[in-house]
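The first residue in the sequence is number 1, and the count goes up from there.
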Amino acid sequence: MAGSELQNSQNAQIDGNTLAAKSLSLFGATHMFGVVGIPVTSLANRAVQLGVRFIAFHNEQSAGYAASAYGYLTGKSGILLTVSGPGYVHGLAGLSNGMINTWPIVMISGSCDQKDFGRGDFQELDQVEAVKPFSKFAVKAKDITEVPKCVAQVLERAVSGRPGGCYLDLPTDVLHQTISVSEAEKLLKEAESAKETVTQGGIVNSDIDKAVSLLKEAKKPLIVFGKGAAYARAEGELKKLVESTGIPFLPTPMGKGLLPDTHPLAATAARSLAIGQCDVALVVGARLNWLLHFGEPPKWSKDVKFVLVDVCKEEIELRKPHLGLVGDAKKVLEMINKEIKDEPFCLGKNHPWVEAIWKKTNDNVLKMEVQLVKDVVPFNFMTPMRIIRDAILGVGSPAPILVSEGANTMDVGRAVLVQTEPRCRLDAGTWGTMGVGLGYCIAAAIACPERLVVAVEGDSGFGFSAVEVETLVRYQLPVVVIVFNNGGVYGGDRRNPEEIAGPFKDDPAPTSFVPGAAYHKLMEAFGGKGYLVGTPDELKSALSESFAARKPALINVIIEPYAGAESGRMQHKN
């Protein structure tokens, strides 16, 4: 290149949109989810030109759920892009969902021109202040020169320590500012070299000794693990620990599959016995929150000793376990396994505790199979769930990713659907968030393209984000959505006669939808494949055809309107 041409190239100008896109690409972003509009459309287009795939949604809420699930499945920061004001507010749902689930997500939003803030500018909102309860770190780039540094900060902090949500604010004027290419390159290099590294404090070997001693001396030990262990890719170390010691294990819902549900030491079907009688519980990557009854009586024994493994020191201080081990789940388990290898022990299948867990598990599984084996028509929840279970297992490996939401649908599915591989279950999670389904489906298909994605949804949960089936079709993603259609949140109109009163007594019940809604037609409207089923043979045929095609499909499963439980917390006795 001639000298004058090189100088002209270096003096060429780029704007804030291009610099933000360059920063994202340089710092490892490969995918972005969102809804474009003023002032971020150009940012999305520039990112695409630089090799960042942009998945465009209809609603920021679903895009945010996708970004959070992408962060969980990949271990990288999921990125959500929104416009300012109301688009930003919609995006907070996904950001907060990631924060509560401790998944890495970065929300990037445009905002109003800084000089017009406070004057009632277009979609004006103090977005950095508003995001604070829903994020671990938030920053505004107040000048184009700050963009690379800010992008590096949010991407790094989202994955460091306990993963969570970070926010980057890009004002309209900053996106339109320009600098020379040479200055931009300098800023990018400076930001890259200044990237933060967070070092985890070392675990004291004596604490590992204590943990192993507690497990060895326990009469009824239990290993509990959750999605934190899944995020840490700790399945290999968990398998080694369980199989070398013979200790029964209990996964939380999204921990299922780290070890197969069919494993002989799985205590899922004997959950009440396992947590009610264990004397030492090694809890790995799971919090003692509502999902685990806060680790308190009456569900747990008052004398149980918890050994809590968590990446967050504050979490351990909050729960006050008998012993806390702060660190990455995989690394801590490696240390525990190494210690056990030097002084091995194993309960053995004839150990009274192992026998008790196995017997209770076997009894409960047999009781459920008695219910499942019946073909009930019109459908209850059990019959179609059994058929879906068998179809998913029939796929083999790599196993499909299961997305599950709804009240009765998710509760029954948790007990019936079998997980055999890690990170293959996505559900309402720690926050019990409904409406995550389609966003999770899209994230799973993007993050794990080698796997089929199967969503088993209640009609209420599906309705939150139903139009995103168009997104499935537009990107031709291998997703099969199964809607359990019972005509309402829990089913049909469940009001007592005395409740049907007042001036609006002729309105539908607050929990009821249009009976027999043709959800499959919605998929067909966008060019996908729709199925309407009401018998076992119809469902089997639809599953076989849609699984083989690996194209966007929706199976509308008509359920008897009164088959479910109004509480939405169906408890399977175990």
Side-chain angles (χ1 to χ4, degrees), residues 31 33-36 53-70 80 90 93-94 97 384 388 391-392 400-406 409-410 413 426-428 433-449 451-489 513-514 516-533 538-539 542-543 545-559:
H31 294 85
F33 307 86
V35 178
V36 297
R53 190 180 188 193
F54 188 86
I55 308 299
F57 281 70
H58 289 272
N59 183 277
E60 294 90 353
Q61 203 166 346
S62 292
Y65 294 144
S68 67
Y70 179 88
L80 166 65
H90 294 164
N97 185 69
I388 293 165
I392 290 175
I401 292 179
L402 171 70
V403 175
S404 180
E405 68 172 331
T409 306
M410 186 172 66
L426 296 167
D427 64 23
T433 311
M434 291 296 139
V436 295
L438 270 293
Y440 281 6
C441 285
I442 293 163
I446 296 298
C448 307
R451 296 183 188 269
L452 176 69
V453 180
V454 180
V456 183
E457 307 241 313
D459 49 359
S460 175
F462 171 70
F464 280 83
S465 57
V467 77
E468 300 298 350
V469 298
E470 187 276 337
T471 309
L472 297 179
V473 175
R474 185 169 10 114
Y475 291 98
Q476 282 297 293
L477 300 176
V479 176
V480 177
V481 181
I482 305 167
V483 179
F484 276 47
N485 182 356
N486 63 353
V489 176
F513 300 149
V514 171
Y519 296 117
H520 57 294
K521 294 290 186 182
L522 179 63
M523 177 64 88
E524 291 175 351
F526 297 115
K529 180 70 175 177
Y531 302 87
L532 176 64
V533 305
E538 290 172 348
L539 178 55
L543 290 167
E545 184 177 311
S546 60
F547 282 18
R550 294 179 68 93
K551 297 286 186 181
L554 190 149
I555 303 174
N556 187 8
V557 183
I558 303 301
I559 305 292

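Using a 4.5 Å cut-off on side-chain heavy atoms (C-beta onward), V453 and Y440 make no contact. Residues T409 and F462 form no side-chain contact, since every pair of their non-hydrogen atoms from C-beta on lies 4.5 Å or further apart. When side chains are defined from C-beta on, V479 does not count as touching L438, because their heavy atoms never get closer than 4.5 Å. Two residues are said to be in side-chain contact when any heavy atoms from C-beta on lie closer than 4.5 Å; I442 and Y475 fail this criterion. You'll find the side chain of K529 stays beyond 4.5 Å of the side chain of M523, heavy atoms only. Put simply, the side chain of N59 does not reach to within 4.5 Å of the side chain of S465, judged on heavy atoms. Between H520 and V483 the shortest side-chain heavy-atom distance does not fall below 4.5 Å. F547 has its side chain within reach of I392: a pair of non-hydrogen atoms, C-beta onward, lies under 4.5 Å apart.
Atom CE of M410 is separated from atom CZ of F484 by 13.5 Å, given to the nearest 0.5 angstrom. Distance check: L452 CG to L477 CG gives 11.5 Å after rounding to the nearest 0.5 Å. Here H58 contributes atom NE2 and T471 contributes atom OG1; the two are 4.0 Å apart, rounded to the nearest 0.5 Å. C441 contributes atom SG, which lies 14.0 Å from atom OH of Y65 (distance to the nearest 0.5 angstrom).
Listed for the E405 side chain is a donor-acceptor partner under 3.5 Å among the backbone atoms of G435. Of the possible polar contacts, one joining the N556 side chain to the A517 backbone as a donor-acceptor pair under 3.5 Å is found. Formation of a donor-acceptor pair under 3.5 Å by the E545 side chain with backbone atoms of A542 is not found in this model. Side-chain N or O atoms of D459 include one that pairs as donor or acceptor with a backbone N or O of N486 at under 3.5 Å. For R53 (side chain) and I446 (main-chain N/O), no donor-acceptor pair under 3.5 Å exists by modelled atom type.
With I555 as the partner, the side chain to side chain contact (heavy atoms under 4.5 Å, CB included) test is satisfied by one option alone out of V481, V533, L532, I388: V533.
Closest heavy-atom contact between L426 and A444: CD1-CB, 4.3 Å. The two residues G406 and M434 come nearest to each other via the heavy atoms N-SD, 3.4 Å. Minimum heavy-atom separation, P478 to R451: CG-O, 4.1 Å. Counting all heavy atoms, side chain and backbone alike, L80 lies closest to A63 at CD1-CB, 3.7 Å.
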Subject >> Intermediate values then yes/no, side-chain contact (heavy atoms from CB on, under 4.5 Å), V489 and F513 >> reply: CA-CA 8 Å; V489 176; F513 300 149; 4.1 Å; yes

